[in-house]
There are 2 protein chains.
Amino acid sequence: MTEPMGRRERKKAATRQKIADTAMRLFLDRGYDAVGIRDVAAEADVAVTTVFSHFASKEALVFERDDDFEQRLTRAVTDQPLIPALRQEIRAMVRHCTADSAAPVWHMIDGSPALRQYEESMRLRHAEALAAAIAAGPGPDRTTTACRTIARFVVDAYALAREAADPDAAVDETFLMIEAAWEAARPERATLGSGAA
Amino acid sequence: MTEPMGRRERKKAATRQKIADTAMRLFLDRGYDAVGIRDVAAEADVAVTTVFSHFASKEALVFERDDDFEQRLTRAVTDQPLIPALRQEIRAMVRHCTADSAAPVWHMIDGSPALRQYEESMRLRHAEALAAAIAAGPGPDRTTTACRTIARFVVDAYALAREAADPDAAVDETFLMIEAAWEAARPERATLGSGAA
DNA sequence: ACCGTAGCACTAACGGTTACGGTTTTGGAA
DNA sequence: TTCCAAAACCGTAACCGTTAGTGCTACGGT
């Protein structure tokens with residue numbers, strides 16, 4: 001997986017990491033809004049343009065590792081049955097980001113409309129990727145609409161659980177609803193059909 | 001509903017409308033990105049600051065009437081049974097914005113990431129309002145989480161149907177799933193309980 | 001050893017947004 | 001009617017995220 005990177009790639013990765021770390025440190029220190037891109041660039045000792053060559057926007061500095069999120073979701077699709085596999089994955093993610101160690105970061109995110117909005121559209125991207133994975137996955141065939149719908153529901157579950165008083169319970173409750181929705185999406189077999197593939 | 005407005009309020013509303021109309025005309029004419037706020041202000045013959053005193057952002061100029069959307073959703077909650085009432089409302093909304101006359105506007109929206117993102121966070125606001133309305137509405141009691149979940153599902157249905165090849169069919173299909181999810185959220189009666197209130 | 005190019009720097013600008021201070025308009029009270 | 005406080009609006013200048021343009025340097029493949 002991690003091939004021997006050349007010096008160039010290593011330097012690039014180091015620069016990227018240095019920028020991300022510096023940014024996060026400044027954000028947590030002084031507040032997201034109080035830190036400008038020029039501050040981050042200066043503190044990380046790079047040019048402003050370099051920051052934007054590594055990160056598409058200021059908000060992306062905060063969600064540096066969002067690729068992981070998407071990959072964990074899409075990989076969970078290969079496990080069966082589908083919905084319980086997704087439930088477990090969502091539960092793990094929610095646990096991860098409601099952990100005490102992550103509290104300051106999420107407090108910052110909740111306090112910034114820009115960051116919240118960015119996270120939303122991130123989730124939508126993930127939902128699209130998940131829908132594609134489900135449609136291509138090993139499970140029984142469903143319509144495109146059903147796949148996209150269930151994918152949205154799953155990322156909704158994450159978003160809602162993150163804000164709930166009892167995240168674990170919220171995941172369970174929402175996934176009961178998702179399971180029912182997924183069953184209802186079986187093609188044409190009404191409510192009691194046996195799943196003959 | 002529409003109380004007799006004084007001159008001041010009428011003038012204010014007129015200014016707001018003039019700005020919105022001018023903006024939409026310019027946007028459709030030259031493209032959203034090619035029109036600056038300063039252009040809109042000049043064409044509407046107002047100051048830039050006046051534009052922002054009426055609209056919170058450039059994107060808000062495009063979604064001028066989003067209050068309607070929210071109110072239609074929350075009002076539909078008083079009708080029973082809940083899910084079919086919401087389905088009808090969503091269907092009407094989808095029809096409205098997939099009509100030929102609205103095509104240019106939605107084409108513009110689809111072509112601008114900023115507008116798409118703005119619409120997403122708008123929908124989330126609507127979902128929250130809907131969740132509150134459902135929780136306070138006349139239907140049987142459900143958990144807060146169940147209400148928020150269903151509200152998200154409903155606005156998801158709108159978003160997905162708007163992009164589907166056959167919007168009406170997509171609404172129906174998604175609402176079959178939503179209905180099942182809502183049934184599954186009944187408190188503690190497992191899968192076959194009779195709904196004794 | 002050499003060349004193509006990836007990575008980075010620097011400056012200047014663009015465009016949405018806001019702060020600020022001043023002017024006009026309006027509704028209502030004296 | 002007269003007058004006042006608030007509301008609406010104006011104009012300018014600035015802030016900040018983001019991008020274009022240009023060039024330099026160090027690295028990797030040949």
Side-chain angles (χ1 to χ4, degrees), chain A residues 3-24 26-27 30-64 108-109 112-119 121, chain B residues 3-20 22-24 26-27 30-64 108-109 111-119 121:
Chain A
E3 320 242 326
M5 291 196 292
R7 194 190 342 261
R8 181 180 261 168
E9 296 171 68
R10 251 184 297 118
K11 280 199 177 183
K12 180 171 182 177
T15 301
R16 183 196 154 93
Q17 202 56 45
K18 183 176 182 182
I19 293 171
D21 292 346
T22 304
M24 190 58 81
L26 293 184
F27 289 160
R30 311 180 200 165
Y32 181 75
D33 288 327
V35 177
I37 288 287
R38 292 164 177 87
D39 300 328
V40 174
E43 186 82 7
D45 198 30
V46 295
V48 172
T49 47
T50 302
V51 174
F52 283 104
S53 78
H54 285 276
F55 301 93
S57 66
K58 184 186 181 186
E59 296 93 56
L61 285 166
V62 173
F63 297 96
E64 185 216 350
M108 174 180 83
I109 292 170
S112 160
L115 287 175
R116 288 184 73 96
Q117 193 170 347
Y118 183 87
E119 199 211 344
S121 62
Chain B
E3 321 240 328
M5 291 195 293
R7 194 188 349 259
R8 180 182 261 169
E9 295 171 69
R10 247 185 300 119
K11 280 200 175 184
K12 181 171 182 177
T15 300
R16 183 195 152 92
Q17 201 57 45
K18 183 176 182 182
I19 294 172
T22 304
M24 189 57 82
L26 293 184
F27 289 159
R30 311 181 198 164
Y32 181 75
D33 288 328
V35 177
I37 287 288
R38 292 162 178 89
D39 299 328
V40 174
E43 187 82 7
D45 199 31
V46 295
V48 172
T49 46
T50 302
V51 174
F52 282 105
S53 79
H54 285 276
F55 300 93
S57 67
K58 184 186 181 185
E59 297 92 58
L61 286 166
V62 174
F63 297 96
E64 185 218 350
M108 174 181 84
I109 292 170
S112 159
L115 287 176
R116 289 183 73 95
Q117 192 170 349
Y118 184 87
E119 199 211 342
S121 62

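Values below: all heavy atoms of this structure, side chains included; hydrogens, waters and symmetry mates excluded. In what follows, chains carry the letters A, B, and so on, assigned in the order in which the sequence lines appear, proteins first and then strands, with residues in each chain numbered from 1.
- For the pair A:D39 CG and D:dG17 C1', the computed distance is 12 Å after rounding to whole Å.
- Residues B:F52 and A:V51 each lie close to DNA chain C; by heavy-atom proximity, the contact nearer the 5' end of the strand is made by A:V51.
- Identified under the salt bridge (Lys or Arg N to Asp or Glu O under 4.0 Å) test for residues 40-61 of chain B, with sequence neighbours left out: B:R25-B:E43.
- The side chain of B:T50 contributes no N or O atom lying less than 4.0 Å from OP1 or OP2 of D:dA8.
- Taking atom CZ of residue B:R16 and atom P of nucleotide D:dC9, one finds them 12 Å apart after rounding to whole Å.
- Comparing A:V46 and B:A56, the nucleotide of DNA chain C nearest to each residue sits closer to the 5' end for A:V46.
- Put simply, CG on B:L61 is 10 Å from P on C:dG16, counting in whole angstrom units.
- In this model, the phosphate group of C:dG7 is not approached by any side-chain N or O of A:T15 to a distance below 4.0 Å at OP1 or OP2.
- Taking both residues in full, the closest heavy atoms of A:D39 and A:L26 are given as O-CD1, 4.1 Å, listed atom of the first, atom of the second, then distance.
- Residues satisfying the side chain to side chain contact (heavy atoms under 4.5 Å, CB included) criterion with B:R38, sequence neighbours excluded, are B:V48.
- As a whole-Å value, the separation of B:E59 CD from C:dT17 C1' is 11 Å.
- Residues in residues 31-64 of chain B take part in these ring-ring contact (aromatic ring centres under 6.0 Å, His included) pairs, two or more places apart or across chains: B:F27-B:Y32, B:F63-B:Y118.
- In this structure, A:H54 reaches the C:dC8 phosphate: one of its side-chain N or O atoms is under 4.0 Å from OP1 or OP2.
- Atom OH in B:Y32 sits about 11 Å away from atom C1' in C:dG15, given to the nearest Å.
- For A:R8, there are no side chain to side chain contact (heavy atoms under 4.5 Å, CB included) partners, not counting sequence neighbours.
- Partners of A:S121 under the side chain to side chain contact (heavy atoms under 4.5 Å, CB included) rule, at least two apart in sequence or in another chain, are B:Q117, B:E120.
- Qualifying side chain to side chain donor-acceptor pair (under 3.5 Å) partners for A:R116, counting only residues two or more places apart in sequence or in other chains: A:D110, A:E163.
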I'd like a list of close polar pairs between nucleotides 14-16 of chain D and the protein, N/O only, cut-off under 3.5 Å.
unit_1, atom_1, unit_2, atom_2, d
D:dA14, N6, B:R38, NH2, 3.4

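- Under the side chain to side chain contact (heavy atoms under 4.5 Å, CB included) criterion, A:A47 pairs with A:T49, A:T50, not counting sequence neighbours.
- Put simply, NZ on B:K12 is 13 Å from P on C:dG27, counting in whole angstrom units.
- Minimum atom distance to the side chain of A:S53 is reached by C:dC8, of the listed D:dC9, D:dT19, C:dC8.
- Counting to the nearest Å, the P atom of D:dG17 and the CZ atom of A:F55 are 15 Å from each other.
- As judged by a 4.0 angstrom heavy-atom cut-off over every strand, B:D33 is placed among residues making no nucleic acid contact.
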Checklist outcome for this item: With B for base contact, S for sugar-phosphate-only contact and - for none (protein heavy atoms under 4.0 Å), nucleotides 21-30 of chain D reads -----BBS--

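- In this structure, the side chains of A:V46 and A:K18 stay at 4.5 Å or more apart for every pair of heavy atoms.
- Taking atom NZ on A:K18 and atom P on C:dC8, their separation rounds to 11 Å, with Å as the unit.
- In terms of heavy-atom proximity, A:E119 sits nearest to A:I109 at OE1-CG2, 4.4 Å.
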